[in-house]
Structures are given as structure tokens and as C-alpha cells.
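Numbering of ligands and ligand atoms starts at 1, following listing order. Source: prediction; values computed, not measured.
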Amino acid sequence: MHRKPVLPLPEEVVRRIAAGEVIVRPASVVKELIENSIDAGAKRIRLEIKAGGKNLIRVTDDGIGMNRDDVRQAVARYATSKLSSVDDLTRIQSYGFRGEALASIAAVSRMTIETNTDETQAGTRLEIEGGEIKELAEVAHPQGTTVTVKALFFNLPVRRAFLKSENYEFRMVAEAFRNYAIVFPEIGFELINNERLVVNLPPVGSYRERLLGLFDRKTVEGLVEFQVDNPVLSLHGFFSDPTQVKGFSDVQVVFFNRRPVRNQVVTRAVYDGYGPMPSGGHPNFVVFIQTEPSRLDVNIHPTKQEVRFADERFLFDFVSEAVRKGLGIQRRSQIEDTGLFVQERIIQDGEMPGEFWQLHNSYIFAQVASGYVIVDQHAAHERIIYEELLHRQQEAKPQGLLFPVTLDLSAEEFEAYDRIKVKLRQMGMETKVFSGRTVVVESVPAGSYMGKGEIREFFAELVKTSLEKATVERELAKLFACKGAVKAGQRLTQEEMVSLINRLFACREPYFCPHGRPVIIKITLEDLDRRFGRI
Ligand code: ADP
Ligand code: MG
């Protein structure tokens, strides 16, 4: 075979290929346009389609609108008003951020944008066909934006031919529409198909009211609503009452930070939470999961319909437990409200762990009445030090260092040290200034493992720590916990393990370390029996 030269693709082909990743069917256009309207702060969104969206898709909103320059920019690839630096990618709040949706839609359709930022003045109308701007003119338009997309894939006949029936495409569009309507009850939504009103949803004050506008009363009344929080994740949702699960479901949808997504981990965890269901039942569920944007990677899929959570095992366990408990499917556990967050009591009162061995010098295994627990020794010790320092009645006990540690602090470190040296003493770290910026550390909080290296790191991190009056104790406790906790890989004696477990269970919140990671995992005999196929 002859080798052909490697040549760059013509611009127009590149544009269409890129568009093909984002826009695969009318429902993708609908998704992108509705997201833009929501990002623009719309209070009302109207969606009109014809022939399942193949002939017409029109989204009208009353959001902030665009001026003439904005519109021209908006249809260029990678033009966005929502993201300006790489750092922003780790804290994405808006739906859009890649700035490619409008350009992609424009590349494969005949699109018109009519928009206005201020209705006392003229608005802008832009017509674009297959990516080529045909017209840019003034137009009368109320504040907000109307995007009209006609003849989708007119210039990609193969893709157009692969669209499914009008009915099927309509169902996909309706599902996309429904998902945003569910998650934004405060926005009014209207859907018109082939000039007939399908649904008109006025703005309402709660999710349940919005669900009533979308599903029949009996379905909605059969949903149990609850919320479970921990420091990392919060789950709020509506779930079929376990006694009313049917052989098919009307709705199963998961939102992460208000983004509708497909997430198998959550779906499997919900089913796991229900446990075995009569005759292969399928529950209805609407799950809202909130987490810090930095824990969520929304950039793994071209249309952002899939997201990845940093710790999927933790996500699975959390969702499954939350569903089980929220639905009152009692195993042996219960939810206890600590006021701060719902703490999961995974070990029964009086169920103290028995004899402790250590796995890979990192995890402690211990038998309990209903199975066994695995404790992350570092996280456990962090929790212990943190609480012992924070909830102490008087000054913490110092633990003298055999060899006092002498440190030459930087000016910045010394300044921070000088501000909080009294606090340090109260928390068990005794220090003396030797001369200039040379400080001698004579003791560390009792029960912590701090050698010269950890003490050095402690001071280095002090300058990055917020030393505001209101939070300084908490921050220092966290820092002591972090530096003073036994490390993974450190061998522990029987006695040390016993003491660690006893002190852990004396803590108020033994199940999470100060950074919110789990400390204990429990495996019940029931879990084992199930895995070995005994039940
Ligand atoms: P992205 O949403 O990723 O920024 P888009 O191509 O979807 O990219 O939109 C490009 C830009 O056009 C947006 O950043 C926004 O500034 C503007 N825009 C799009 N739709 C609307 C709308 N309905 N109302 C106001 N501005 C809009
Ligand atoms: Mg967008």
C-alpha cells in the first residue's frame, strides 16, 4: 500500500467533526440551549420543536441576553463568558465552559439568534448557516434570547439519515427538557411540540411541586423524600416507597451539582440500598448530589453527560447507606443527627471491637459482634488528635521531646509563630526563642508522633494556615492532627492498636477524619454471607 502524505484537515471539515462530538441529535441541541438559558439567569424558558426537533428547535428565554459583539463571539469556537483560566476548570459552577456549543450547532444547521440586553434599545439578530455568518442586523426583541435551529444536519446527510423516528427523537428531547425542569423548580418551563402545548410549568417553590407538574399524582405521592449529609457529600432525593416498587420505573435520574448525568455508580448504589426487590422491581428515584466542584470532574465527556467523582468507592458506600437508612430499610444501623451533619453510626452501642491485627502496617482489622471493622490508622489517629485538642477541658498535656528540636524559621514563619505561640503552649507544644529567629521546640501534644521532620513541616504549613481568631484553634488542631498522626506503613504494637481504637470510640465523630475522609469501614457477616452466596 502507498503511504499518503499527512496533511491537516480543511477548516470546514474540522468544524463539522468537532460539532459531531457535541451535537448528535436534536436532544443534544435542546440540552445545550437550555443550559445556556439557565446560565444566563433565565426565569422562564420556552422550548418549541417540530418533527421531534429535526425541522425546528427554538428556545426562548428572559435571561441577560447578549449585545452585538457578544453574539458574534458566541458563535466562534472556544468563545465563552464563563471561564477564563485553567484554574477555573476545577471549580466549574455554570453548565457551559468550553464555549463550543453554539459554534457546533451553527456548523451543522441553519441557526438564528435574536437577543437583547436591554429592551429600551434595539437588539441583535444573527443568521448563520453551516458556520457561515449570513446576516447581522438590528431587531426588536424583549430582554433575553431566542435561538432558532432549523434543518439540523442539512450538511451532514449521513448523520441526518441516522436520526431515529420523529417519536423517538421527541422522547429524547422531552427527557432532556424534563431533567432541567426537575432540577430548576424556580424556573418556569414550557414545551410546545408541532404547535401543540405539551406542558406548561409555572415557577414553584419546591421539587415536589415541580414533580407534580411532570408526573401523575399517585407516582409523586409514592415518593419518599429525605436528605443525608456528610462533610464531603450531600444527598437529597425522592425515592419510591420500598413497598410500592413496580416492575418498571417512570423516572430514574441523578444530578450532580444540578447537572443531570448518567452515573452507574450512583444507580447501582441506589439499587444496592433497596436490597433485593420483589420480582425484579425498578424503583423511581430523583437523586440530587451536591459536592465541592473540585471533587467532580465534569470534563471527561464531550457533552458532560458523564461525570467522575474523585472517590467512587466512597460515593457508592455513601449513597447505598443513605438510601437504606433514608427509606428506613433497617439493617442494624440508625442515623443520628449531630446537628452538624447526619453522622452514620455504623457500630452499635456496646459493640466494641475485640482483638485488632494490622494489615500492611496501615489498616487495623478488628472483630465486632456483627462482623468486622477496618480502621484506617492514620485517619483514625488524625480524628483522635483533632478532637482531643479541640474538646480538651484544660491545657493539653505536653509530651517532652527526648532531643529538643532547634529550627531556624523564615521571617514569615517566625511572624506566624509569634502570633500563636501562646496557643501552641496551650495545645501541648512548648517552645523557646533561642536567638533571632531560632526556635527550640521542647514538647509536642501528648500522644502524637512528631519528630524533627514533622515539626519542620508543621512550621512550614503554619504560614499557609488561616490564623483568624475565630478558627485558629480548629486550624491548629487540624495541623497537629495531620503532622502528629501515625502514618500509613508504621508498625503498631498490640497496645498501641488497643489504645487507638479505644480513643477513637471516645470521639464524638469517629467516622470521619478532620478532612472528611472515612475512618472506619464495617463489613457485616450478612455482607460476607451474601458475597459467598449463602443468602
Ligand atoms: P459555553 O456555554 O460553554 O460558554 P456556548 O457556545 O454554549 O458556550 O455559548 C457561548 C457564549 O454565548 C456563552 O458563554 C454566553 O456568554 C453566550 N450565550 C449563549 N447562550 C446565551 C443565552 N441564552 N443568553 C445569554 N448569553 C448566551
Ligand atoms: Mg453552553
Stacked cation flag Arg110 on Phe154, 6.0 angstrom / 45 deg: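 Verdict for Phe154: a cation-pi partner in Arg110.
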I'd like to know if Met66 contacts ligand 1, where contact means a heavy-atom distance under 4.0 Å to any ligand atom.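 Judged by the 4.0 Å heavy-atom criterion, Met66 does count as contacting ligand 1.
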Return yes when Gly63 approaches ligand 1 closer than 4.0 angstrom through a heavy atom, no otherwise.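 Heavy atoms of Gly63 never come under 4.0 Å of ligand 1.
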So is Ala103 polar-close to ligand 1, meaning N/O to N/O under 3.5 Å?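 Not met; the criterion fails.
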Contact (N/O only, under 3.5 Å) between Asp39 and ligand 1: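 Between Asp39 and ligand 1, no N or O pair is found under 3.5 Å apart.
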Please tell me if the side chains of Phe238 and Phe226 come closer than 4.5 Å, counting only heavy atoms from C-beta onward.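 With C-beta onward as the side chain, the pair stays apart.
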How about Phe170 and Lys50: do any of their side-chain heavy atoms sit closer than 4.5 Å?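 With C-beta onward as the side chain, the pair stays apart.
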Using a 4.0 Å heavy-atom threshold (strictly under), name the region of Asp61 that reaches ligand 1: side chain, backbone, both or neither.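 Side chain only.
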Examine the side chains of Glu48 and Asn193 and answer whether a donor and an acceptor come within less than 3.5 Å of each other.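 Side-chain D/A pair, Glu48 to Asn193: absent.
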Taking atom types as modelled and ignoring hydrogens, do the side chains of Glu225 and His236 form a donor-acceptor contact shorter than 3.5 angstrom?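 There is such a pair (donor and acceptor under 3.5 Å, judged by atom type) between the side chains of Glu225 and His236.
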Going by heavy-atom distance to atom 8 (O) of ligand 1, choose the closest among Ala106, Gly41, Ala40, Gly99.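 Nearest option to atom 8 (O) of ligand 1, by heavy atoms: Gly99.
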Would you mind finding which of Asn36, Val75, Leu102, Thr115 brings a heavy atom closest to atom 6 (O) of ligand 1?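 Closest candidate by heavy-atom distance is Leu102.
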Are Asp61 and Lys43 within salt-bridge range, i.e. N to O under 4.0 Å?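 Salt bridge flag = no for Lys43 with Asp61.
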